[in-house]
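The chains referred to below are lettered A, B, ... by the order of the sequence lines, with proteins before strands, and numbering in each begins at 1.
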Amino acid sequence: MLVLVLGDLHVPHRCSGLPAKFKKLLVPGKIQHILCTGNLCTKESYDYLRTLASDIHVVRGDSESLNYPEEKVVTVGQFRIGLIHGHQVIPWGDVASLALLQRQLDVDILISGHTHKFEAFEHENKFYINPGSATGAYNALEINTTPSFVLMDIQASTVVIYVYQLIEEDVKVERIEFTKP
Amino acid sequence: MTVESKTSEGLQKLVREPPRRRLQYYRSSSAELKSANMYHSVSETSHPLQTEEQEMGVDPLQSYLNKSGQGGSSENGSMHHSPDSDGTFISYSKEWEELFVNNNYLATIRLKGINGQLRSSRFRSVCWKLFLEVLPQDRSQWIKSTSELRTSYNKIKEIHITNPRKAGQQDLIINNPLSQDEGSLWNKFFQDKELRAMIEQDVTRTFPEMQYFQQENVRKILTDVLFCYARENEQLLYKQGMHELLAPIVFILHCDHQAFSHASEAAQPSEEMKVLLNPEYLEHDAYAMFTRLMKTAEHWFSTFEHDSQKEKDAMVTPMPFARPQDIGPSIAIVTKVNQIQDHLLKKHDIELYMHLNRLEIAPQIYGLRWVRLLFGREFPLQDLLVVWDALFADSITLNLVDYIFVAMLLYIRDALISSNYQTCLGLLMHYPPIEDVHSLILRALFLRDPKKNPRPVTHQFQQNLDYYKARGADLMNKTRASAKAAPLNINKVSNSLLNFGRKLIAPAMASGSAAGPGGSGGFPGTAMPVRGMGEAPQHHHHHHHHHQHQQHQQQAQQQRLMKSESMPVQLGKGQNSKNISSSPSIESLSGGREFTASPPLSASKKDSFFSTISRSRSQSKTMSRKESEEELEAQISFLQGQLNDLEAMCKYCAKMMNTHLGNIQEVILQERLEKEDEILVSLAGLKQIKDILKGSLRFNQSQLEAEENEQITIADDHYCSNNQDKGTSEVQKESAMTKQQCIPRPQATTDSSTGESKSADDYILVSKEEEGSKSSARQPAQTLPPHKEAPAKQEAPSRCSLIFSDPLMGSMSASSSNLSSSPDDDSSNNSKDSDFTIVSPLDL
């Protein structure tokens with residue numbers, strides 16, 4: 001099962017839209033679910049995601065115009081996945097703070113955003129994903145960010161994570177595997 | 001020489017066979033409906049498709065085969081198991097020997113296939129494999145070639161059914177889930193997914209009435225085979241309809257495997273059997289057979305000319321059976337069906353050809369499906385397999401298809417020729433159930449090669465006769481039309497028809513007439529000389545039988561409808577027959593009600609009723625006529641359907657009347673009543689109505705007006721003479737009353753009818769209740785007239801209470817008193833009435 005994870009689009013405030021190369025990759029019919037870490041900012045972005053898959057889960061970002069829940073827990077296959085934008089987790093992107101939230105939500109995978117920087121790591125047998133910004137929008141601390149999103153291929157107790165990054169006009173793909181202990 | 005003797009043998013068999021065959025079909029099809037697991041319990045070693053045919057297939061060929069089988073058994077004596085092992089297994093291995101242990105075995109199984117003798121074979125799949133040349137002719141090569149084919153399928157499956165998650169060595173840039181690279185496994189995976197979804201959509205609709213095809217693993221097999229085929233034949237891919245070609249193959253493989261596993265429980269089967277009938281390789285074998293079949297059938301599925309051309313060039317393996325006409329212009333299938341209609345049909349039946357042309361029924365409309373699915377939708381599975389036996393056995397080129405096509409048209413030719421566009425389409429799209437499918441094959445063979453094959457005239461005639469009747473056409477016209485086709489065999493056929501009919505009727509009569517013990521024997525028409533009935537008793541027989549036929553056919557039709565539900569066919573007879581239960585119920589019931597109320601008068605009335613229905617309908621439709629052409633079209637077909645329904649209802653009423661009148665008559669004749677003559681006269685009147693209903697007596701519109709006036713006066717007279725102080729207004733009130741009692745009444749009347757002693761007490765009791773509610777004390781004799789209406793009312797189901805509040809009611813109830821031809825005579829009247837009550841509840 002393919003789950004698209006992305007967020008922090010900031011369209012139209014900080015970016016005009018998704019990079020063309022990403023748009024080309026994202027075609028309907030392949031992805032079953034979309035988990036969005038927020039900051040879609042406009043209804044139009046949300047509608048675009050709907051064209052890719054019918055099942056969309058969005059959480060509220062710090063510069064959101066629409067009303068979404070602060071955090072969400074979604075179960076896909078055998079995995080409990082926690083979803084939060086991340087501006088609430090202080091310090092932003094801090095592993096210990098995220099681990100705290102992970103324990104609170106009792107999830108196997110915690111997905112957060114806000115830092116606009118891709119990260120995926122295992123910590124105390126739990127998995128943490130930050131898909132970065134799909135548009136490469138600047139964040140509060142940095143101007144140059146790499147557009148990225150994540151695709152999770154969930155099969156039984158294994159999740160394979162494909163990371164798509166736009167580095168110098170080329171899409172680079174990385175693959176990370178995580179198995180539920 | 002064997003061909004000759006065999007087929008003539010088969011001919012004889014067919015003449016006496018139909019009834020049994022038909023019953024058999026019902027039985028087996030109902031068995032199918034149950035799960036495939038049922039097969040275990042049916043009988044230990046018998047094949048699921050096993051029918052009685054095996055027993056009757058005692059023919060010279062068989063004995064010849066037996067002998068030769070034993071003669072040749074020396075070379076594989078190993079086949080013989082310890083003689084004391086289970087008898088069933090012996091018969092199983094014996095069948096094997098009969099079929100395959102023989103120098104010229106291929107010819108004999110071909111013959112068996114054409115003659116429909118594989119119907120009960122437990123090695124049908126092996127025969128098909130031979131026909132389709134999946135197995136080589138050389139028996140020593142069987143095991144080898146089988147295993148080769150199986151491994152090749154394994155390879156094909158490995159190649160085409162991909163799992164992108166397993167192949168990790170590819171470059172991630174290419175091989176990631178979103179990749180659109182041609183070489184990407186993921187990309188292929190997603191493309192496959194679309195194709196699979198398409199196939200699965202059809203597979204889930206394959207033979208929805210059969211449990212076997214609802215199983216998940218069976219569906220997976222079907223999907224995988226079709227998918228692999230589609231991937232192996234990229235030009236053709238998957239086309240709708242292929243699944244219907246594959247499904248029967250899978251089914252017979254499964255059946256044979258079942259039979260094999262039962263048989264092998266008893267004893268050790270030979271190595272050959274073990275390999276050939278290994279259930280593990282069902283999918284592999286099905287693929288091999290399917291691809292062979294498709295080699296011939298693929299042209300019928302390809303949509304473009306160049307498709308088949310390219311296919312030919314690309315094909316590396318030599319195709320020894322390629323036919324020149326396959327490389328034709330435009331779409332192959334359309335050319336084919338057009339050619340069949342324009343040449344073959346024209347040659348064999350110019351009249352039908354002209355008729356279809358005149359109606360502008362292009363062969364594509366129905367023929368595409370016939371040919372593409374190899375008639376899969378036109379016959380029930382059991383019969384279909386027999387057709388395929390013959391098709392495959394005849395030649396792998398399926399050359400016989402064209403002739404079966406024509407034979408099918410000829411089978412319904414009379415019905416077609418006498419029908420309009422709409423009915424024709426209905427007939428063609430919902431092909432009528434065929435009694436003996438084998439006769440169709442014989443006919444097809446005859447059409448192809450009249451010199452070598454005997455003329456199967458009888459079957460054609462008989463079937464046409466049958467179906468024609470179902471179409472509700474007049475018997476007289478019928479015989480005239482079809483006498484042309486086969487003037488020589490009328491006697492023979494009518495005899496067999498009579499027999500058939502008797503068999504069918506016997507149970508129906510037993511259940512239908514509780515009061516008439518000798519019902520099946522004594523037909524009313526024969527028992528009594530009737531005035532004004534210009535009909536010989538023989539005709540009664542005919543009619544009667546045919547109505548039974550009709551019912552059967554309707555049933556079968558219904559089944560067929562269920563099967564073909566998934567096809568996007570809107571037009572046709574099926575639609576109409578569905579309407580039967582929905583809309584026209586009120587009209588038809590009220591019509592029927594009237595009819596029963598006043599026999600001689602309202603028979604004519606009934607007809608007028610119908611005409612007014614159609615008239616009023618069309619009037620209301622004229623309003624919307626401006627709206628759109630299509631709607632009008634739909635309405636016309638709807639009305640046509642309604643007319644058909646009404647017609648069918650008339651027939652039914654006539655038939656039932658016939659039966660019950662016969663019963664009444666018998667009783668009356670036994671009773672020796674004093675006013676017998678009058679009763680008989682009115683009975684004769686009833687019979688006349690029956691004939692009008694049936695259509696054998698012409699109804700005169702002008703009579704209607706005259707009689708209607710008459711009716712009123714007569715009614716008044718009767719009531720005046722009967723209840724002196726109570727006028728018709730009273731009667732009307734009465735009728736309103738009885739309406740309320742409609743529901744409790746049937747109970748009482750059926751009681752009295754079963755009692756049959758015509759005890760007036762019962763009547764009085766009933767009417768007294770009614771009396772009490774009305775709080776008017778009357779003499780029992782006076783209450784009789786209102787009571788008389790009640791039984792009459794019973795004839796129409798109580799649902800149609802609408803008519804009661806009708807002003808028409810007055811004349812109606814009045815005429816019901818008219819029914820008792822001598823109202824002043826109370827005693828005889830009473831008994832007569834009770835006779836009529838016997839009739840009525842049974843009609844319900």
- Within 6.0 Å of CZ in B:Phe213, more than 12 heavy atoms from elsewhere: yes
- Side chains of A:Thr115 and A:Asn130: is there a donor and an acceptor less than 3.5 Å apart? yes
- If you count the non-hydrogen atoms of other residues, nucleotides and ligands that lie under 6.0 Å from NZ in A:Lys126, is the total more than 12? yes
- How about A:Lys24: does its NZ atom have over 12 heavy atoms from other parts shown lying under 6.0 Å from it? no
- Item | Distance-only polar pair, side chains of B:Asn176 and A:Tyr164, donor-acceptor under 3.5 Å | yes
- Among A:Leu2, A:Asp170, A:Asp153, residue most engaged with chain B (heavy-atom pairs, under 4.5 Å): A:Asp153
- Task: Tell me, for A:Glu174 versus chain B, whether the close heavy atoms (under 4.5 Å) come from the side chain, the backbone, both or neither.
- Result: backbone
- Note on the structure: Cut-off 4.5 Å, heavy atoms of chain B, and the answer for A:Leu25 is both
- Message: Which residue in the set A:Val5, A:Thr135, A:Leu26 passes side chain to side chain contact (heavy atoms under 4.5 Å, CB included) when paired with A:Phe149?
- Response: A:Leu26
- Item | B:Arg219 versus B:Gln214, side-chain donor and acceptor atoms under 3.5 Å | yes
- Task: Please name the residue in the list A:Thr179, A:Ile111, A:Ile81, A:Ile109 that meets the side chain to side chain contact (heavy atoms under 4.5 Å, CB included) test with A:Phe127.
- Result: A:Ile109
- Item | Interface residues of residues 67-77 of chain A facing chain B - non-hydrogen atoms under 4.5 Å apart | none
- Ordered numerically, the heavy-atom neighbours of chain B under 4.5 Å found in residues 29-57 of chain A are A:Gly29, A:Lys30, A:Ile31, A:Gln32
- Within a reach of under 6.0 Å around CD of A:Glu169, are more than 12 heavy atoms found that belong to other residues, nucleotides or ligands? no
- With distance as the sole criterion, is a donor-acceptor pair present between the side chains of B:Tyr153 and B:Glu283 under 3.5 Å? yes
- Query: More than 12 non-hydrogen atoms from neighbouring residues, nucleotides or ligands closer than 6.0 Å to CD on B:Gln240, yes or no?
  - Reply: no
- Answer with side chain, backbone, both or neither: which region of A:Val160 has an atom nearer than 4.5 Å to a non-hydrogen atom of chain B? neither
